[in-house]
Amino acid sequence: MRALVLACGLPAGEVNADVFHRGRRIAITDLLFRAWGVAVEYEGRQHAETAEQFQRDIARYADLRAAGIEYVQVTQEMLAQPRALMMRIYDVLRQRGYPGPAPQFGPRWDALFRRLSGS
C-alpha cells in the first residue's frame, strides 16, 4: 500500500501508526496521514473470520470516528484497481485539507508493475 502511495506522489504517511484519543491508544493504523486525520486500513480476510475480530474492528472504527479520524478501508479486490484506489485516498485527503497535487501515474508508477527480467 505504501509503495503505491509513494509511487503516485502522495505523501508517505506513517506505517503502523499509533492513534491516541483521550489518553489511550485506540488503534494501530496500517497507514496514517496524521496531518489530515486520515487512516488507511487494509481489511484482510482474517478480519471477517471470527465474531470477536469483527467486533474489535467495529469498536476500533467507532473510536477512530470519535477521535476525528477518517478512514479508508481497503480490500484485496480494491487493490486490483490500484489507480482507482489511489484516487479514492487522494479524494479523502483533499476533503480533509491536503493541499498537494493529484496522484501522478507516470514512470515511477509504471515501474511498480513492470516485470523483472528473468521472471
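The residues of the chain are indexed from 1 along the displayed sequence. Keep in mind that what you see is a predicted model, and the values were worked out from it rather than measured.
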Would you say that [X] contacts [Y] through its side chain, given a criterion of any heavy-atom pair below 4.5 Å between the two side chains?
X      : Y      : result
Leu4   : Trp109 : yes
Ile69  : Val38  : no
Gln104 : Cys8   : no

Heavy-atom closest pair, residues [X] and [Y]:
X      : Y      : result
Thr75  : Tyr42  : C-CE1, 3.9 Å
Phe113 : Pro82  : CZ-CG, 3.9 Å
Arg88  : Val72  : CG-CG1, 4.2 Å
Pro11  : Trp36  : CG-CZ3, 3.8 Å
Arg114 : Pro107 : NH2-O, 4.2 Å
Tyr90  : Pro101 : CE1-O, 3.5 Å

(message) Is it the case that atom CD in Gln73 sees more than 12 heavy atoms from other parts of the structure closer than 6.0 Å?
(response)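 Counting neighbours around CD of Gln73, more than 12 heavy atoms of other residues, nucleotides or ligands fall under 6.0 Å, so yes.
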
(request) Only one of His21, Arg24, Arg22 passes side-chain hydrogen bond (donor to acceptor under 3.5 Å, both in side chains) with Asp63; say which it is. (result)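 When side-chain hydrogen bond (donor to acceptor under 3.5 Å, both in side chains) is applied between Asp63 and each of His21, Arg24, Arg22, only Arg24 qualifies.
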
Are [X] and [Y] connected in the hydrophobic side-chain network, where two residues link if heavy atoms are under 4.5 Å apart?
X      : Y     : answer
Phe105 : Leu6  : no
Tyr98  : Leu85 : yes
Ile28  : Phe54 : no
Val15  : Val40 : yes

Between [atom1] of [X] and [atom2] of [Y], what distance do you get to the nearest 0.5 Å?
X     : Y     : atom1 : atom2 : result
Glu41 : Tyr71 : CD    : OH    : 9.5 Å
Glu14 : Arg34 : CD    : CZ    : 4.0 Å
Leu79 : Met1  : CG    : CE    : 4.5 Å
Phe33 : Leu93 : CZ    : CG    : 5.0 Å

(message) Show, in sequence, the C-alpha distance, side-chain angles and deciding distance for Arg25 and Val19, and conclude whether the side chain to side chain contact (heavy atoms under 4.5 Å, CB included) test is met.
(response) CA-CA 6 Å; Arg25 183 172 71 184; Val19 177; over 6 Å; no

(message) Do the side chains of Asp30 and Arg2 get close enough for a salt bridge, i.e. N-O under 4.0 angstrom?
(response)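 Here Asp30 does not pair with Arg2 in a salt bridge, since their nearest N and O are not under 4.0 Å apart.
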
(request) Mark yes or no for whether Thr29, through its side chain, and Ala17, through its backbone, hold a donor-acceptor pair below 3.5 Å. (result)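 Confirmed, Thr29 side chain pairs with Ala17 backbone.
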
